[in-house]
Amino acid sequence: MKSRITYKPSVDIGTNSLIITARCSCSAGATPAFCEHVFALLHAIEDYVKKELFHASTEQIQFWLEPKPAENLSLEVSKVFKGESSNHTLCSTKFNFAAMDSCPYMKMLAKLNPHLNDQM
């Protein structure tokens with residue numbers, strides 16, 4: 001089985017994007033290096049710049065998680081609530097507290113709030 005050898009190519013690039021020096025730890029990588037490892041490194045750098053991989057994905061606003069605008073449906077109430085339940089009306093708004101006299105919770109409330117006794 002072959003032993004795995006790791007080569008370390010390095011490239012110095014000037015501000016004008018010209019290669020100043022290129023080196024590699026392989027046998028063909030003496031300065032100036034023209035080995036495949038330096039060539040692969042230069043292609044990786046070019047790909048990195050062209051695809052703008054230096055921008056973090058968290059720098060951009062996520063648009064796919066924003067809720068979609070709701071559709072405004074204007075319907076009459078009678079069309080929304082169809083059936084027998086929409087025909088019923090509220091008979092009385094008064095509550096019969098006297099019917100709740102046997103409830104232990106209501107007895108405790110009556111002791112704490114004397115005004116509740118007036119309603120019962």
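Keep in mind it's a predicted model, so treat the numbers as computed, not measured.
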(request) Establish whether I19 and F39 are linked, either directly or via other cluster members, by ILVMFWY side-chain heavy-atom contacts under 4.5 Å. (result) no
(request) Could you tell me which non-hydrogen atom of S25 sits nearest to which non-hydrogen atom of K8, and how far apart they are? (result) OG-N, 2.8 Å
(message) Tell me the closest heavy-atom pair linking I20 and I13, and the distance in Å.
(response) CD1-C, 4.1 Å
(message) Give me the atom names and distance for the closest heavy-atom approach of Y7 to C24.
(response) CB-SG, 4.0 Å
(request) With rounding to the nearest 0.5 Å, note down the distance linking CG in D47 to CG in L42. (result) 12.5 Å
(request) Look up atom CG in L41 and atom CZ in R23, then write down how far apart they are to the nearest 0.5 Å. (result) 11.0 Å
(message) Would you say CD1 of I45 has more than 12 non-hydrogen atoms from neighbouring residues, nucleotides or ligands within 6.0 angstrom?
(response) yes
(message) Within this structure, what is the NE2-CD distance for the pair H43 and E36, rounded to the nearest 0.5 Å?
(response) 12.0 Å
